[in-house]
Enquirer: 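Handing you this structure, nothing more for now.
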Amino acid sequence: MKIIMLGAPGAGKGTQAKMIAEKYSIPHVSTGDIFRANIKNGTELGKQAKEYMDAGKLVPDELTVKILLDRVAQDDCKNGYVLDGFPRTIPQAEVLENALNELGDKIDFAVNVDVPDENIVRRMSGRRACLKCGATYHIEHIPPKQEGICDTCGSELVLRDDDKPETVQNRLKVYHEQTQPLIDFYTERKVLKTVDGTKDMKEVFADIIAILG
Ligand code: ADP
Ligand code: AMP
């Protein structure tokens, strides 16, 4: 099964993608996580990506598309995957569609996690991320067992640089301009499914499972 998660930054794509990946035993592929791992390891890609990410902008398609296509070509992706944060532009969606077409394949579901802008800034300022294993928490809604420490790997949790309120506003603007058109793109391909992302994370997950089967 090949699934795409759509939605504004902070809508809960990553939270749901991790649960989907576990339930269906498919990899969770997050371009944001790949960039953050590169930043942490000081790679050239990381240096280039950081500039855009810190400004709340999208990393250019030329850099993003290649890392995604390389990742989904790996062996563990042969039975499917859940993409989180990709595609974020129409050209990215077209490249993915063409690459899948060449393999006689296609995306099965594009799950749109719908959360209004008003809720987003509050969610993002409360998000805490583990840069080591990619786990995310929320200081009110989904707190870790021990404050500031990742339940999964014991590392320190941080407020991402790009989750500061001034950057979040920019990211929302970029989302509406460049990513929201993907809703029409996947509606036309008859794979778009929208869920109410303002519900509790377990309810959102139940709604998604009901769609994926
Ligand atoms: P995205 O991957 O779409 O950017 P995340 O999955 O990281 O979003 O979620 C953003 C923040 O909101 C995180 O702090 C997460 O713990 C929290 N969150 C996720 N889903 C819900 C939900 N259904 N209700 C409340 N908070 C949530
Ligand atoms: P995320 O972890 O998905 O919220 O992504 C964090 C940041 O990484 C985004 O704000 C972008 O700067 C960058 N990024 C992640 N995925 C993409 C993508 N598909 N295209 C462009 N930029 C991306």
Side-chain angles (χ1 to χ4, degrees), residues 1-37 67-88 92-93 96-97 99-100 103 105-115 119-120 123-124 126-145 149-155 157 160 179 182-183 186-187 189-213:
M1 186 152 50
K2 297 189 175 62
I3 306 163
I4 286 172
M5 303 302 292
L6 290 177
K13 299 181 297 295
T15 303
Q16 297 300 327
K18 287 191 187 80
M19 295 193 281
I20 294 169
E22 198 173 321
K23 180 166 169 70
Y24 294 95
S25 302
I26 49 176
H28 165 213
V29 176
S30 155
T31 37
D33 282 353
I34 296 173
F35 288 136
R36 281 185 289 279
I67 60 154
L68 188 277
L69 292 182
D70 286 351
R71 177 66 190 88
V72 297
Q74 286 171 19
D75 235 25
D76 62 333
C77 287
K78 43 175 207 299
N79 295 325
Y81 41 76
V82 49
L83 298 186
D84 160 20
F86 187 99
R88 263 182 158 102
Q92 289 181 11
L96 177 65
E97 185 171 63
L100 286 170
L103 303 169
D105 207 346
K106 63 174 184 53
I107 291 297
D108 299 298
F109 296 100
V111 179
N112 176 30
V113 184
D114 188 30
V115 175
N119 303 27
I120 293 288
R123 279 215 189 162
M124 305 285 259
R127 170 156 65 182
R128 294 294 177 274
C130 174
L131 296 183
K132 181 143 183 254
C133 75
T136 43
Y137 302 86
H138 191 281
I139 51 177
E140 289 164 43
H141 310 300
I142 307 163
K145 292 195 182 79
I149 304 291
C150 179
D151 291 350
T152 314
C153 74
S155 303
L157 300 176
R160 278 167 43 179
T179 308
L182 292 175
I183 292 178
Y186 288 109
T187 301
R189 278 138 185 90
K190 301 189 171 34
V191 292
L192 190 91
K193 306 283 173 189
T194 296
V195 293
D196 178 358
T198 63
K199 293 185 189 173
D200 172 88
M201 64 182 264
K202 292 203 181 78
E203 289 175 63
V204 180
F205 187 55
D207 291 347
I208 293 177
I209 296 301
I211 292 164
L212 303 182

Enquirer: Of all the heavy-atom pairs spanning Asp84 and Gly14, show the shortest one and how long it is.
Expert: OD2-CA, 3.2 Å
Enquirer: I need the minimum non-hydrogen distance between Gly80 and Pro27, along with the two atoms involved.
Expert: O-CD, 3.3 Å
Enquirer: Has Lys18 got more than 12 heavy atoms of other residues, nucleotides or ligands less than 6.0 Å from its NZ?
Expert: yes
Enquirer: At what distance, to the nearest 0.5 angstrom, does CD of Gln92 lie from CD of Glu97?
Expert: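 Going from CD on Gln92 over to CD on Glu97, the span is 13.5 Å.
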Enquirer: From Thr15 OG1 over to His138 NE2, what is the distance, rounded to the nearest 0.5 angstrom?
Expert: 10.0 Å
Enquirer: Using a 3.5 Å distance criterion without hydrogens, assess whether the side chain of Arg128 forms a donor-acceptor pair with backbone atoms of Ile139.
Expert: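 No.
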Enquirer: Please name the pair of heavy atoms, one in Thr31 and one in Gly85, separated by the smallest distance, quoted to 0.1 Å.
Expert: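 Minimum heavy-atom contact is OG1-O, 3.1 Å.
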Enquirer: side-chain contact (heavy atoms from CB on, under 4.5 Å) between Asp114 and Asp196: does it pass, once the steps are laid out?
Expert: CA-CA 5 Å; Asp114 188 30; Asp196 178 358; 5.8 Å; no
Enquirer: Using the rule given for side-chain contact (heavy atoms from CB on, under 4.5 Å), can you reason through Ile209 versus Lys23, listing the C-alpha separation, both sets of side-chain angles and the distance that settles it, and then say yes or no?
Expert: CA-CA 9 Å; Ile209 296 301; Lys23 180 166 169 70; 3.2 Å; yes
Enquirer: Rounded to the nearest 0.5 Å, what separation is found between the CD1 atom of Ile3 and the CD1 atom of Ile20?
Expert: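 Going from the CD1 atom of Ile3 to the CD1 atom of Ile20 covers 5.0 Å.
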Enquirer: Please find the pair of heavy atoms, one from Gly10 and one from Met124, that lie closest to each other, and give the distance.
Expert: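 For Gly10 and Met124, the tightest heavy-atom pair comes out as CA-SD, 3.3 Å.
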Enquirer: Compare all side-chain heavy atoms of Asp151 with those of Pro144 and state whether any distance is below 4.5 angstrom.
Expert: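 Contact flag for Asp151/Pro144 side chains = yes.
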Enquirer: Between CD1 of Ile107 and CG of Leu96, what distance do you get to the nearest 0.5 Å?
Expert: 5.0 Å
Enquirer: Calculate, to the nearest 0.5 Å, the distance between atoms CG and NZ belonging to Leu192 and Lys190 respectively.
Expert: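 It is 12.0 Å, given to the nearest 0.5 Å.
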Enquirer: List for me each residue that meets ring-ring contact (aromatic ring centres under 6.0 Å, His included) alongside His28, sequence neighbours excluded, and say none if there are none.
Expert: none
Enquirer: For the CG atom of Asp108 and the CE atom of Met1, what is their distance to the nearest 0.5 Å?
Expert: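 Those atoms lie 7.0 Å apart.
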Enquirer: What pairs with Leu69 under side chain to side chain contact (heavy atoms under 4.5 Å, CB included), at least two apart in sequence or on another chain?
Expert: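 Once residues adjacent in sequence are excluded, the partners of Leu69 under the side chain to side chain contact (heavy atoms under 4.5 Å, CB included) criterion are Val65, Val95, Ala99.
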Enquirer: Please say whether the positively charged group of Lys2, taken as NZ for Lys or CZ for Arg, lies over the ring of Phe109, i.e. under 6.0 angstrom from the six-membered ring centre and within 45 degrees of the axis.
Expert: no
Enquirer: Which pair of heavy atoms, one from Tyr137 and one from Cys150, lies closest together, and at what distance?
Expert: OH-SG, 3.3 Å
Enquirer: Which atom names give the shortest non-hydrogen contact between Met5 and Val113, and what distance separates them?
Expert: CE-CG2, 3.8 Å
Enquirer: Please name all residues satisfying side chain to side chain contact (heavy atoms under 4.5 Å, CB included) with Ala93, sequence neighbours left out, ordered by chain then number.
Expert: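 For Ala93, the residues satisfying side chain to side chain contact (heavy atoms under 4.5 Å, CB included) (neighbours in sequence not counted) are Pro87, Leu182, Phe185, Tyr186.
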Enquirer: Using the side-chain contact (heavy atoms from CB on, under 4.5 Å) rule, take Arg160 and Arg127 through it: C-alpha gap first, then chi angles, then the decisive distance, then the call.
Expert: CA-CA 8 Å; Arg160 278 167 43 179; Arg127 170 156 65 182; 3.5 Å; yes
Enquirer: Quick one: do Arg71 and Asp76 make a salt bridge, cutoff under 4.0 Å?
Expert: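 Asp76 and Arg71: salt-bridged.
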Enquirer: Check whether Lys132 reaches the backbone of Leu157 with its side chain - one donor and one acceptor, N or O, closer than 3.5 Å.
Expert: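 Checking the backbone N and O of Leu157 against the side chain of Lys132, no donor-acceptor pair under 3.5 Å is found.
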Enquirer: Run the numbers on Arg189 and Lys106 for side-chain contact (heavy atoms from CB on, under 4.5 Å), then give the verdict.
Expert: CA-CA 10 Å; Arg189 278 138 185 90; Lys106 63 174 184 53; over 6 Å; no
